[in-house]
S.K.: 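Just passing along the structure, written as structure tokens.
In what follows, chains carry the letters A, B, and so on, assigned in the order in which the sequence lines appear, proteins first and then strands, with residues in each chain numbered from 1.
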Amino acid sequence: MEKLLSTKPARTRFAPSPTGRMHIGNARSALYPFLLARRLGGQFILRIEDTDQKRYEPGAEQELINGLRWLGLQYDEGPDIGGPHSPYRQSERRAIYHEHAWKLVEMEKAFACFCTPDRLDKVRQEQMKNKQNPRYDGTCRALDSAEARRRVDAGEKYVIRFKMPKEGSITTADLLRGSITTENSALDDSVLLKSDGLPTYHLAAMVDDHLMEITHVIRGSEWLPSMPLHIHIIRAFGWDEPVFAHLSVFLKPSGKGKMSKRDRAEAMKDGYSIFLGDMQELGYTPEGVLNWIALMGWGVPEDDVMTLDRMIERFSIDSLTPSPAAINFQKLDHFNATHIRLMRTDDLAARLKPYFTREGLNFRDDVLLKMIPLLRERLVTLDDCISFGAFFFKDEVTPNPEDLIAKGLDAKQSAEIARRAYQILGAQPDISHERSEPPMRAYVEESGFSANQVFGILRVAVTGQKVSPPLFESMEIIGRDVCLKRIQNAIDVLEKITS
RNA sequence: GCCCCCAUCGUCUAGUGGACUAGGACGCGGCCCUUUCAAGGCCACGACCGGGGUUCGAAUCCCCGUGGGGGCACCA
């Protein structure tokens with residue numbers, strides 16, 4: 001226990017396989033080890049587990065790196081930046097695994113196996129038919145070691161399998177769940193080194209974690225069932241065991257079943273995604289995403305909205321939760337909106353720019369800075385700045401004619417209101433909101449129309465939309481001349497309806 | 001089929017035998033504020049999966065059930 005709750009510097013790692021896009025599950029698998037390393041003052045390492053050439057996807061590693069960078073999870077050692085245990089890409093470490101696999105063979109903890117995949121398949125099929133557990137039948141385990149060596153040297157294809165003890169049991173410890181005892185008889189002679197010379201996860205991860213001096217292995221709970229094998233491997237080498245913590249999986253929003261890449265389509269319909277790349281485009285911030293995933297599987301008393309720095313202060317590995325968590329996009333929205341409200345004005349402005357650019361709008365920096373205070377508390381995602389604020393940068397707006405007719409009034413009355421507004425505002429030398437609002441309010445008073453009706457018409461005329469940031473402040477930013485032009489246009493539209 | 005894990009409001013969680021009338025957050029409902037939409041403030045609704053134990057006392061410990069999840073590859 002002393003070891004488990006150590007406060008000594010920790011070396012942790014994020015070890016994804018480059019087989020697809022980076023999703024929130026990956027992100028959380030990177031976050032917790034990052035937090036631990038920063039909390040305890042150790043190192044956080046990125047290691048690419050690309051030992052499966054069949055599933056390898058060329059762009060995946062870069063996407064992983066981009067994702068980590070976007071989130072601000074900076075690693076201290078990794079394939080692109082090097083480090084004392086280079087290389088950090090497993091495909092470049094073949095010799096290391098080869099050597100370790102054979103070391104186990106020499107120690108008689110593993111054996112070379114020449115069985116063909118075809119035969120193994122048949123055996124498995126047969127076992128399942130007989131309701132037996134599918135497992136290696138031991139054919140090559142019985143081979144004489146000198147004979148095996150001879151066949152290997154002769155160039156015969158082989159794999160190396162772990163020689164699982166037939167008797168006994170093994171007790172392993174998961175930090176979040178306590179100790180788990182497994183009968184060795186339930187375990188298999190798993191392949192450690194494949195016939196293509198590359199290792200399986202079981203060998204590669206254990207060897208690298210040891211060589212890279214990893215102190216805490218934080219990984220998905222899908223590894224829980226193979227932890228006994230992993231501990232066997234570690235002990236066969238006589239190495240120290242790192243602390244293991246298995247994260248629970250993310251469930252679909254419905255809570256039924258594990259969230260998978262295939263759920264993307266469903267989420268996208270509602271403007272959500274589980275892929276980091278998508279989320280960025282959808283206007284989510286790293287702060288929001290981080291806060292969201294952090295709290296799924298980690299209970300932090302008295303803390304809710306947190307920055308990365310705050311998470312580091314508060315993190316403790318034993319406060320992680322072992323139970324599965326259903327993802328909840330509404331909560332993501334909440335965290336995203338909250339962090340947007342917390343941002344400095346210039347920071348928010350800089351982050352909004354790409355979204356205006358994407359819309360082909362020519363934003364002006366000074367205008368952008370001025371509109372931020374009006375926009376900020378209305379944004380759930382960054383790209384909401386388009387629906388709320390595009391009119392600031394458009395040459396002209398084209399209101400829906402029927403929106404120009406106020407509720408309870410007809411086109412004629414609405415046109416009258418627009419004309420009066422034009423007069424009142426046109427009489428002002430400028431339309432700072434201090435100058436424009438009082439006379440307009442006075443007009444509301446004397447006219448008998450409601451503020452809702454008068455300001456509503458003005459809003460649609462000036463912004464082109466029924467929902468907008470506060471009217472008078474918006475008009476001030478747009479400027480007198482443009483406002484008057486837009487109001488005149490509204491008058492024309494309304495008069496066309498009446499005539 | 002076999003093995004393993006998990007179980008508190010709809011969701012994420014706090015809770016580590018008495019401080020629990022079970023706390024917070026999101027969402028939902030209502031009210032206030034208000035030129036729209038938000039934001040903000042206030043209030044309400046809402047949970048210990050079931051059954052047995054252990055104990056003076058159990059959300060908390062043990063067992064069984066149920067439900068959910070994961071795993072059983074020359075994938076990770």
S.K.: For B:G27, which nucleotide in any strand shown is its Watson-Crick or wobble partner with both distances under 3.5 Å?
M.R.: none
S.K.: Where along nucleotides 37-46 of chain B does protein come under 4.0 Å, by heavy atom, of base (B) or sugar-phosphate alone (S), with - for untouched nucleotides?
M.R.: BBSS------
S.K.: Considering every strand shown, what is the Watson-Crick or G-U wobble mate of B:A19 when both distances are under 3.5 Å?
M.R.: none
S.K.: Is B:A59 paired to anything, Watson-Crick or G-U wobble with both distances less than 3.5 Å, and if yes, which nucleotide?
M.R.: none
S.K.: Grab the CZ-C1' distance between A:F329 and B:C12 for me, whole Å please.
M.R.: 14 Å
S.K.: Measure CZ/A:R28 against P/B:C12 and give the value in whole Å, please.
M.R.: 12 Å
S.K.: What's the CZ-C1' distance between A:R177 and B:G69, to the nearest Å?
M.R.: 11 Å
S.K.: When we call it a touch if two heavy atoms are under 4.0 Å apart, what does A:G456 touch: a base, just sugar-phosphate, or nothing?
M.R.: nothing
S.K.: Less than 3.5 Å apart, any donor N or O on the side chain of A:E473 or A:H433 sitting next to an acceptor on the other?
M.R.: no
S.K.: With a 3.5 Å cut-off and no angle check, do the side chains of A:T285 and A:N336 form a donor-acceptor pair?
M.R.: yes
S.K.: Counting any heavy atom closer than 4.0 Å, what does A:A186 reach on the DNA or RNA strands: base, sugar-phosphate only, or nothing?
M.R.: nothing
S.K.: Does a donor on one side chain sit under 3.5 Å from an acceptor on the other, for A:N452 and A:S450?
M.R.: no
S.K.: Under a 3.5 Å cutoff, is there a donor and acceptor pairing between the side chains of A:D52 and A:Y201?
M.R.: no
S.K.: A:K407 has an atom NZ; how far is it from atom C1' of B:U35, in whole Å?
M.R.: 14 Å
S.K.: State whether a side-chain donor-acceptor pair under 3.5 Å links A:R124 with A:Q127.
M.R.: no
S.K.: Taking CD1 from A:I293 and C1' from B:C12, how many angstroms apart are they, rounded to a whole number?
M.R.: 14 Å
S.K.: Expressed in angstrom and rounded to an integer, what is the separation of A:L229 atom CG from B:C3 atom P?
M.R.: 18 Å
S.K.: For residues A:R119 and A:T139, is any side-chain donor paired with an opposing acceptor at under 3.5 Å?
M.R.: yes
S.K.: Name the pairing partner of B:C72, where a pair is Watson-Crick or G-U wobble with both distances under 3.5 Å, or state none.
M.R.: B:G1
S.K.: Assess A:R219 against A:F244: is NZ or CZ under 6.0 Å from the centre of the six-membered ring, and within 45 degrees of the ring's axis?
M.R.: no
S.K.: Please name the nucleotide paired to B:U66 by Watson-Crick or G-U wobble geometry with both distances under 3.5 Å, or report none.
M.R.: B:A7
S.K.: Are a donor atom and an acceptor atom from the side chains of A:T171 and A:T181 found within less than 3.5 Å of each other?
M.R.: yes
S.K.: Name the nucleic acid region contacted by A:L295, choosing base, sugar-phosphate or nothing; use a 4.0 angstrom heavy-atom cut-off, strictly under.
M.R.: sugar-phosphate
S.K.: Just by distance, no angles: are the side chains of A:E167 and A:N184 close enough, under 3.5 Å, to form a donor-acceptor pair?
M.R.: no
S.K.: Looking only at side-chain N and O atoms, does A:D118 offer a donor or acceptor that is under 3.5 Å from a partner on A:T116?
M.R.: no
S.K.: In the 5'-to-3' direction, what one-character label does each nucleotide of nucleotides 24-30 of chain B receive under the scheme B = base within less than 4.0 Å of a protein heavy atom, S = sugar-phosphate only, - = no such atom?
M.R.: -BSS---
S.K.: In whole angstrom, what separates A:L320's CG from B:U13's P?
M.R.: 10 Å
S.K.: Taking atom P of B:G1 as reference, at what distance in whole Å does atom CD of A:Q125 sit?
M.R.: 18 Å
S.K.: Summarise how protein sits on nucleotides 70-76 of chain B as a single string, 5' to 3': B when a protein heavy atom is under 4.0 Å from the base, S for sugar-phosphate-only contact, - for no contact.
M.R.: BSSSBBB
S.K.: Do you know which of A:S468, A:P399, A:P469 makes side-chain contact (heavy atoms from CB on, under 4.5 Å) with A:T463?
M.R.: A:S468
S.K.: Just by distance, with hydrogens left out, do A:D384 and A:Y355 show a side-chain donor and acceptor under 3.5 Å apart?
M.R.: no
S.K.: Would you mind classifying the nucleic acid contact of A:G297 as base, sugar-phosphate or nothing, using non-hydrogen atoms under 4.0 angstrom?
M.R.: sugar-phosphate
S.K.: Answer with base, sugar-phosphate or nothing: what part of the nucleic acid does A:I180 contact at a heavy-atom distance below 4.0 Å?
M.R.: sugar-phosphate
S.K.: What is the base-pairing partner of B:G46, counting Watson-Crick and G-U wobble geometry with both distances under 3.5 Å?
M.R.: none
S.K.: Taking ring-ring contact (aromatic ring centres under 6.0 Å, His included) as the criterion, tell me which of A:Y284, A:F335, A:W298, A:F329 meets it with A:W292.
M.R.: A:F329
